[in-house]
Amino acid sequence: MKELEERINKDGRVIGKDVLKVDSFLNHQIDPVLMEKMGEEFYKHFKDAGVTKILTVESSGIAPAVMTGLQFNVPVVFARKHKSVTLQDDLFTSEVYSFTKKTSNHISISKKYLSSDDNVLIIDDFLANGQAVNGLNDIIKAADASLAGIGIVIEKSFQKGRQLIDKAGIPVYSLARIKAFENGQVVFEPENE
Ligand code: 5GP
């Protein structure tokens, strides 16, 4: 998505070897106009996949997920993060190691909001090593729901998440794919559509 790549070039900041900070439009301040366009892009790509529900993780996935849900006219559910969770019968839970915070969180979703009738599109802000997506997929499996695909705003293709998803044969569509960080600059993969 050209406009997203341009925005990353303009406002993104590379931190260390493998982190991109995009607080000015995605992770802290949110640009709703850009978010709306992202929702449209995800819709265009997955519109024939029979999606009944959008699933994400709080908090940064919520904005793009809501915009996508608006396009599909389906509900959006976000997994909540907890440091630990005492087992509760009414929750689907999974454990996710956070790439940016270097800690493990439990994520959970109420059993009320996911069932075997659902065909789920996962939306998240970043794909790094694939832990967040994996945790959501665990929950989808526990609910006996099906996974329609995965939509990612910014994929760092040089980390292992993308490969893992491809290997599992899950349809994935990323709006921006970063090939490398070179001298503090972002190098994108050629656009896939
Ligand atoms: P993964 O679970 O794929 O290893 O990492 C994805 C999650 O970590 C995303 O939900 C996102 O919150 C966070 N994340 C990973 N890499 C980055 C990054 O470069 N920048 C920011 N802002 N968040 C990231």
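Counting starts at 1 for both ligands and their atoms, in listed order.
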Candidate pair Lys160 and Gln163, rule side-chain hydrogen bond (donor to acceptor under 3.5 Å, both in side chains), full reasoning: CA-CA 5 Å; Lys160 62 173 193 266; Gln163 235 182 322; over 6 Å; no

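- Residue Ser60 places every heavy atom at 4.0 Å or more from ligand 1.
- Ligand 1 lies out of reach of Val57, whose nearest heavy atom is not under 4.0 Å from it.
- For Asp125, every heavy-atom contact with ligand 1 shorter than 4.0 Å involves the side chain, none the backbone.
- The six-membered or imidazole ring of Phe72 lies away from that of Phe46, with a centre-to-centre distance of 6.0 Å or more.
- Looking at Val19 against ligand 1, both its backbone and its side chain come within 4.0 Å, counting heavy atoms.
- Taking the ring axis of Phe99 as reference, the NZ or CZ atom of Lys102 stays within 45° of it and closer than 6.0 Å to the ring centre.
- For Glu58 and Arg80, the salt-bridge test fails: no basic side-chain N is under 4.0 Å from an acidic carboxylate O.
- For the residues Thr100, Ile178, Leu26, the heavy atom positioned nearest atom 14 (N) of ligand 1 is part of Thr100.
- Nearest protein neighbour of atom 2 (O) of ligand 1, counting heavy atoms only, is Ala132 N, 2.8 Å.
- Of the protein's non-hydrogen atoms, the one nearest atom 15 (C) of ligand 1 is Phe99 CD2, 3.4 Å.
- Residue Gln131 approaches ligand 1 through these ligand atoms, each under 4.0 Å from one of its heavy atoms: 1 (P), 2 (O), 3 (O), 4 (O).
- Residue contacts with ligand 1 for Asp124 involve side-chain atoms from C-beta outward but no N, CA, C or O (heavy atoms, distance under 4.0 Å).
- Within the 4.0 Å heavy-atom criterion, the part of Lys156 lying near ligand 1 is the side chain and not the backbone.
- Between the choices Gly161, Gly130, Ser59, the shortest heavy-atom distance to atom 3 (O) of ligand 1 belongs to Gly130.
- Considering backbone and side-chain N/O atoms, Ala128 comes within less than 3.5 Å of an N/O atom of ligand 1.
- Figure legend: cation-pi geometry between Lys111 and Phe92, with NZ or CZ positioned under 6.0 Å from the six-membered ring centre and within 45° of its axis.
- A 4.5 Å side-chain heavy-atom check between Asp90 and Lys112 finds every atom pair outside the cut-off.
- Checked by distance only, ligand 1 and Lys21 stay at 3.5 Å or farther apart across all their nitrogen or oxygen atoms.
- For the 3.5 Å distance criterion, the side chains of Ser94 and His106 fail to qualify, holding no donor opposite an acceptor.
- Among all non-hydrogen protein atoms, the one lying nearest atom 7 (C) of ligand 1 is Phe126 O, 4.2 Å.
- At distances below 3.5 Å, not a single donor-acceptor pair connects side-chain atoms of Lys53 with backbone N or O atoms of Val76.
- Close N/O approach between Leu20 and ligand 1 is found [any backbone or side-chain N/O within under 3.5 Å].
- Ligand 1 places these atoms under 4.0 Å from at least one heavy atom of Asn27: 22 (N).
- Between Asp23 and Arg13 no salt bridge is recorded (no basic side-chain N to carboxylate O distance below 4.0 Å).
- The shortest distance between side-chain heavy atoms of Leu127 and Arg162 falls below 4.5 Å.
- Summary of contacts: the protein heavy atom closest to atom 4 (O) of ligand 1 is Asn129 N, 2.8 Å.
- Rounding to the nearest 0.5 Å places CD1 of Ile8 at 12.5 Å from NZ of Lys10.
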